[in-house]
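Let me begin by presenting the structure, written as structure tokens, before commenting on it.
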Amino acid sequence: MAANQLPQGISAEAFAAACDEMRGVVGNEWLIRDNVQHLNSYRDTYSPGDIDATAPSAAVAPKDVTEVQKILAVARKYKIPLWTVSTGRNYGYGGAAPRKAGCVVLDLKRMNRIIEVNEKHAYAVVEPGVSYHELYQHLKQRDIKLWPDPAAPAWGGVLGNTADRGVGYTPYGEHFTVQCGMQVVLADGTVVETGMGSTANASTRNLYKYGHGAWVDGIFTQSNFGVITQMGVWLLPEPPGYRPYMVTFPEEDDIHQITELVRPLKISMLIPNAATTVGLIWEAAVKVSKAQYYTGSGVMPDSARRKMAADLDIGNWNFYGALYGPDPIMDNNWEVIKESFSQVPGAKFYFAEDRKGDAAFDYRAKLMRGIPNMTEFGLLNWLGPGSHVDFSPMSPVTGDGALQQFHFMRDTCHKFGVDYIGEFLIGWRDMHHVLMLVFKRDDEAHKRVIKELFEVLVDEATSKGYGEYRTHLDYMDKISGTYNWNNRALARVNEAIKDALDPDGILSPGKSGIWPRKDRDA
Amino acid sequence: MLRPVKSKWMSIIAAFAFTLGGCGGDEPPPAAPEPPMAPKVTTTMAPAAVEAVSPAAATGAAIDPVAQEQGRGIYVHYCADCHDAGEGHPGTMRLAARLDAGNAVLTTRADLAPEYVKLIVRNGLGMMPAFRPSEVTDAELDVLAGYVVNANDTASNTAK
């Protein structure tokens with residue numbers, strides 16, 4: 001259990017004193033330590049690993065920037081490591097738990113104000129605690145014709161997902177690309193506005209990203225150099241028309257031709273949104289479970305896969321995209337898209353009217369038009385009451401790249417008796433290849449298999465020249481270690497910034513493999 | 001009326017009971033304070049704020065329609081996307097597999113006790129993760145549990 005956990009190197013007396021001071025800042029209710037049930041709600045119970053290794057000692061939930069500053073002052077005084085989360089729902093990557101046991105979770109969920117929605121310029125400014133669900137409801141209740149771009153689960157945070165460089169599915173699906181304006185509290189308590197927000201009247205704070213001189217917003221993402229307390233995000237004006245579509249492809253190796261066909265359509269923006277090429281099981285698992293088609297051990301056999309595909313009228317790959325705009329534009333774009341994909345033997349085309357009552361199509365159609373939902377979470381039903389950890393290497397938008405990644409990831413999974421559950425999220429010039437490793441949450445042996453498999457996948461990807469874009473707490477050191485060109489030059493830049501901005505090492509030690517000096521020396 | 005705790009849950013509740021802390025949590029989150037460090041604010045709101053919390057539903061009194069409506073709001077905010085009826089709701093899908101289709105929709109179940117609902121929200125169960133007090137306070141959780149348990153007895157049992 002997490003009771004009586006202490007930050008590393010901090011005495012019980014000093015920690016008690018620090019907690020008392022933090023209670024004085026946030027009030028008794030919002031320093032969570034003695035209530036074991038409350039404290040356990042911060043643990044990463046989704047992890048395949050040892051959750052004691054990421055158990056927090058306490059959590060503190062400030063309501064505003066002033067309280068954040070005061071908490072940082074206490075942390076500096078006592079050298080208490082904090083771990084910042086926004087909505088804390090980053091499951092598969094660690095949830096609300098810290099990288100290192102004993103950190104105090106700096107829980108920003110209570111900072112949940114939507115500071116501004118600007119209809120004229122189509123943006124919102126949010127605090128860290130605002131979820132996609134909350135932003136969507138805010139816009140809907142006011143009949144504001146702007147779309148957010150949700151991550152697949154509605155409970156994800158707008159700011160946190162962007163700061164972790166997550167993706168969505170509308171034309172604004174590359175979240176950090178549509179970020180503009182940031183307020184950050186540094187470890188020493190200084191509040192910084194980035195870019196145009198630092199000018200006297202800041203009239204373009206959320207319209208022009210870069211300001212003058214060095215542009216620093218990027219260094220506060222997937223990092224531990226500050227606490228982001230506000231962020232501007234551009235919102236997509238509702239287009240005059242919207243038509244989601246799906247194209248199914250029968251064979252596994254079709255991924256080569258699909259990807260070659262997608263590249264020019266994406267680069268030219270004929271497909272404007274963050275489209276997806278979804279593998280068979282990913283597509284099926286929001287509706288059916290493995291046991292309905294196969295009750296044996298190990299990987300689902302091909303015969304069962306084909307039966308499932310036929311029953312659900314889906315392919316080994318299922319491409320999702322959407323048309324946006326006035327009818328003539330959508331009609332014209334569809335001609336080009338359909339002609340392209342028709343080159344793949346067996347390609348079948350579907351619009352919403354063809355997939356009525358199909359939960360998989362429905363949730364994709366919602367996501368591509370900015371309606372948050374939780375349907376994709378149903379994948380965790382695949383094996384029973386499940387959990388997941390994601391392996392996500394970047395791929396070029398090439399048939400060779402996609403096929404090579406698919407083959408080695410599928411074959412490696414199969415060696416471990418694990419089904420390939422994957423999709424390619426297609427950006428402008430890249431693909432996030434997300435492999436969802438679903439496991440039984442109550443099966444320790446299965447968790448060990450998943451952990452071993454994950455290590456092998458990272459090593460194989462590295463040997464083939466692929467790097468991951470984001471990872472779970474347990475693999476941050478390993479993944480950051482693969483970004484090691486020129487004697488860790490990039491890592492050394494990060495460490496220099498860390499030491500300069502946070503010399504006491506109080507902010508999220510170990511995030512993305514960035515450790516404060518005292519931890520590097522230890 | 002609040003139903004008695006069904007015997008099949010007693011052992012589960014007993015097993016979790018050691019995790020029930022005595023810490024308070026009687027206040028809903030304060031509504032939208034002005035930020036001292038954000039001079040560029042133009043509008044404010046607190047999307048998750050619950051205005052007031054009545055204990056009636058949690059103390060076994062007659063169903064309080066005001067508390068039910070507050071509970072319904074919390075349910076819609078945090079629970080409905082997974083637990084509403086119909087396809088595409090992962091919690092309903094899981095419960096249909098674990099129990100049966102007739103017991104898969106939380107708001108129509110007749111076998112839930114408030115303490116059990118509260119334990120599951122705070123601890124998680126199966127594929128469902130725990131919810132933190134910064135998301136749902138103890139006071140809000142009382143009202144939520146009351147709503148879920150009594151939803152089937154009230155006119156306001158649709159979560160749309």
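Here is how names work: the chains are called A, B, and so on, in the same order as the sequence lines, proteins then strands, and each is numbered from 1.
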Spatial distance of atom [atom1] ([X]) from atom [atom2] ([Y]) [nearest 0.5 Å]:
X	Y	atom1	atom2	answer
N381(A)	M127(B)	CG	CE	4.0 Å
D84(B)	M374(A)	CG	CE	12.5 Å
L380(A)	M128(B)	CG	CE	13.5 Å
R132(B)	Q37(A)	CZ	CD	14.5 Å
D138(B)	H38(A)	CG	NE2	3.5 Å

Run the side-chain hydrogen bond (donor to acceptor under 3.5 Å, both in side chains) check on H77(B) and Q137(A) step by step: do they pass?
CA-CA 9 Å; H77(B) 190 134; Q137(A) 290 297 334; over 6 Å; no
Side chain, backbone, both or neither: which part of [X] has a heavy atom under 4.5 Å from chain B?
X	result
A360(A)	neither
I32(A)	side chain
T87(A)	backbone
V288(A)	backbone
A285(A)	backbone
F377(A)	both
D107(A)	side chain

Restricting to non-hydrogen atoms, name the atom on [X] and the atom on [Y] that form the minimum distance, rounded to 0.1 Å.
X	Y	result
Y91(A)	A130(B)	OH-O, 3.7 Å
M93(B)	V286(A)	SD-O, 3.3 Å
N373(A)	D81(B)	CA-OD2, 4.1 Å

Quick one: of R89(A), K440(A), M111(A), H133(A), who has the most non-hydrogen atom pairs under 4.5 Å with chain B?
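Winner by heavy-atom pair count: R89(A).
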Sort out for me which of A59(A), S289(A), A359(A), S131(A) touches chain B most, counting heavy-atom pairs under 4.5 Å.
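The candidate making the most pairs under 4.5 Å is A359(A).
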If you define the side chain from C-beta out and look only at heavy atoms, does anything of F131(B) sit under 4.5 Å from S41(A)?
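Answer no - side chains too far apart.
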Show the numbers, then the answer: is there a side chain to side chain contact (heavy atoms under 4.5 Å, CB included) between E87(B) and T375(A)?
CA-CA 8 Å; E87(B) 287 203 349; T375(A) 301; over 6 Å; no
With side chain to side chain contact (heavy atoms under 4.5 Å, CB included) as the test, would you mind laying out the steps for S134(B) and W30(A) before giving the verdict?
CA-CA 8 Å; S134(B) 56; W30(A) 298 114; 4.1 Å; yes
